[in-house]
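Notes to accompany the following structure.
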Protein chains: 2
Amino acid sequence: MKLKPDTTRERLIDAAMELFHAQGYGATGVAQILKKADCNSGSLYYCFPTKEDLLLAVLEKYKVMLHPVLLEPIWSRLSDPIEKIFGLLDGYRQMLMATNCAYGCPIGNLALELAHTHPNAAKLITENFHGWRDAVKKCLEDAGGRFPDDLDRKQLASFVLTVMEGGVMQARAEKSLVPFDAAVTQLRDYFDRLLSDGTQWGSSATPATSPSRDIGQEFND
Amino acid sequence: MKLKPDTTRERLIDAAMELFHAQGYGATGVAQILKKADCNSGSLYYCFPTKEDLLLAVLEKYKVMLHPVLLEPIWSRLSDPIEKIFGLLDGYRQMLMATNCAYGCPIGNLALELAHTHPNAAKLITENFHGWRDAVKKCLEDAGGRFPDDLDRKQLASFVLTVMEGGVMQARAEKSLVPFDAAVTQLRDYFDRLLSDGTQWGSSATPATSPSRDIGQEFND
DNA sequence: GTCTATAACTCGATAGAC
DNA sequence: GTCTATCGAGTTATAGAC
């Protein structure tokens, strides 16, 4: 039951995590990380062969943090699975508000910066996205028959991630919560329309719609 | 009626445009731009005081290109305003396919990289986003009564941009069209549900939904 | 494990000839 | 307007003492 290990290695990861989030990977110098972690380059290169290995450790830590740090505080506060999803989106809104829309989603930022040039990082970024999406998918599954039977839960969960990332991007670009709130409002409206089409309302009473246009591809995980 | 001016200044802008799209602003060195534009540093700094001024010229050019280069080929091919919107999204799909999902949206990439640290660039990025969104808004307005009367066209147009950017981000991260197609499919389903609720179908026959949850903010342009 | 000093390199930008 | 040469600062990473 070790408390606050606070090893040099962990201080380096935490410092890099903050700086990569605020400035990006390329724009953050090793010297800056060393200053924030309060150690010297010898220590860093003793723990990590290269700067990129430190990045991978940061992305691993994000994966570990997903459930206990990001989801659990929201999951324990809200019981309704659909409200959990919008509670999660509200968590990003809080983060944007607290930082004046300056930093955005740390994974999304790194995704656009590194996906093309750093395959090892890209793999971990995808794993982070999938963890987030699967947590939302579980909520959609927990909502059971409130959604139409033929709704593709995985695809809708991916869509929620799409809306979050796109909304956060626009909020950052404009330094305003307005485009993020607009996105969440539209998503909520979509959910309302899906829910009013669920079996709870009686599927025979719903008007004719075309809920899925097959585009000939499936999720491959 | 000058044809192909092909000035050094334009070659520099075009070279920078391509490289910033493929690699980002910070990751692209001035030497690389010079090589692609086939000139030397003296010429660049004769045309532009700094590298950042070249970036601003690139972002200005994207603004100018929006209608004649991005929209016009699609607008002239499709007459239905709603199909225009999905034709525009399909244009991004084509781009992703042609580049193996490597590059993504040039404005979105620069938005996440620079919005926080380069205010002049951020202003032009926002103007690019607004130009795109307003073109979509015009389509929604052209669709007239096919949508519910109380639909906020501007907010829905912003949502389309959100979905495009979020979908392109995930496609880049996973190097797969699947998450992009998932996002467009869900957006299409949302549009179908909105359209089946339009006045064309008779507003008195629609079931009770809650189309707008006021969050107490407006677009400020 | 952590320190200091520095190697080896690239960066954006400038100077001055032509 | 375009060239070549280069400055000064910053970069990641290493060497070797302790």
Side-chain angles (χ1 to χ4, degrees), chain A residues 2 4-59 109-110 113-114 116-122 124, chain B residues 2 4-61 109-110 113-114 116-122 124:
Chain A
K2 48 181 174 163
K4 276 186 183 256
D6 199 38
T7 63
T8 298
R9 184 190 159 84
E10 287 189 34
R11 287 206 318 280
L12 283 164
I13 293 175
D14 290 346
M17 184 176 260
E18 274 190 53
L19 290 165
F20 293 166
H21 185 197
Q23 307 177 332
Y25 173 73
T28 299
V30 167
Q32 219 176 345
I33 299 170
L34 295 173
K35 189 177 177 186
K36 189 166 196 114
D38 194 36
C39 69
N40 300 94
S41 71
S43 297
L44 190 156
Y45 288 100
Y46 174 81
C47 294
F48 304 96
T50 69
K51 182 188 174 188
E52 186 179 351
D53 289 285
L54 175 56
L55 167 69
L56 301 181
V58 167
L59 288 168
N109 296 350
L110 295 173
E113 183 182 356
L114 305 168
H116 175 224
T117 48
H118 295 67
N120 296 331
L124 285 165
Chain B
K2 49 179 175 168
K4 277 184 182 258
D6 199 39
T7 63
T8 298
R9 183 190 161 85
E10 287 189 33
R11 287 206 319 280
L12 282 165
I13 293 175
D14 289 346
M17 185 176 260
E18 274 190 52
L19 290 165
F20 292 165
H21 185 198
Q23 308 177 332
Y25 173 74
T28 299
V30 167
Q32 220 176 344
I33 299 170
L34 296 173
K35 189 177 177 184
K36 188 165 199 114
D38 194 36
C39 68
N40 300 94
S41 70
S43 297
L44 191 157
Y45 288 100
Y46 174 81
C47 294
F48 303 96
T50 70
K51 182 188 174 189
E52 186 180 350
D53 289 286
L54 175 56
L55 167 69
L56 300 182
V58 167
L59 288 168
E60 286 283 3
K61 178 153 183 174
N109 295 349
L110 294 172
E113 182 181 357
L114 306 169
H116 175 225
T117 48
H118 296 65
N120 296 331
L124 285 166

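Just so you know, these numbers come straight off a predicted model, no measurement behind them. Proteins get letters first, then strands, A, B, ... in listed order; numbering begins at 1 in each.
To the nearest angstrom, P of dC11(C) lies 12 Å from CG of L19(B). As a whole-Å value, the separation of L34(A) CG from dC3(C) C1' is 12 Å. Rounded to an integer number of Å, the gap from L44(B) CG to dA5(D) C1' is 17 Å. Between Q23(B) atom CD and dT10(C) atom C1' the separation is 14 Å, expressed in whole Å. When rounded to the nearest whole Å, the span between CZ of F48(B) and P of dG12(C) equals 15 Å. Atoms CD (E52(A)) and C1' (dA13(D)) sit 14 Å apart, rounded to a whole Å. Residue R9(A) contributes atom CZ, which lies 14 Å from atom C1' of dG1(C) at whole-angstrom precision. If you take CG of L12(B) and P of dG1(D), they are 13 Å apart, rounded to a whole angstrom.
For the pair L59(B) and L110(B), the tightest heavy-atom approach, listed with the atom from each and the gap, is CD2-CD1, 3.9 Å. Annotation for A27(B) and E113(B): closest pair N-OE2, 4.5 Å, computed over non-hydrogen atoms.
Close to dT2(D), at under 4.0 Å from its OP1 or OP2, lies a side-chain N or O of T8(B). Note on S43(B): a side-chain N or O is less than 4.0 Å away from OP1 or OP2 of dC3(D). For N40(B) and dT2(D), the shortest distance from a side-chain N or O to OP1 or OP2 is not below 4.0 Å. Remark: Y46(A) is not in phosphate contact with dT2(C), judged by side-chain N or O atoms under 4.0 Å from OP1 or OP2. Checking the phosphate oxygens (OP1, OP2) of dA13(D), a side-chain nitrogen or oxygen of Y45(A) falls inside 4.0 Å.
Between the side chain of S41(A) and the base of dT14(D), at least one donor-acceptor pair of N or O atoms lies under 3.5 Å.
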Going through the checks in order, is the side chain to side chain contact (heavy atoms under 4.5 Å, CB included) test met by F48(B) and L56(B)?
CA-CA 10 Å; F48(B) 303 96; L56(B) 300 182; over 6 Å; no
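Within the nucleic acid shown, G42(B) comes within 4.0 Å of at least one base atom, counting heavy atoms only. Here C39(A) lies in heavy-atom contact (under 4.0 Å) with sugar-phosphate atoms only.
When only modelled atom types and interatomic distance are considered, N40(B) and S43(B) share no side-chain donor-acceptor pair under 3.5 Å.
The side chain of K51(A) approaches dT12(D) more closely than any other nucleotide in the set dT12(D), dA5(C), dG12(C).
Nearest-nucleotide mapping onto DNA chain D: of P49(A) and Q32(A), the residue sitting toward the 5' end is Q32(A).
Remark: side-chain polar atoms of K61(B) are not paired, donor with acceptor, to backbone N or O of D14(B) under 3.5 angstrom.
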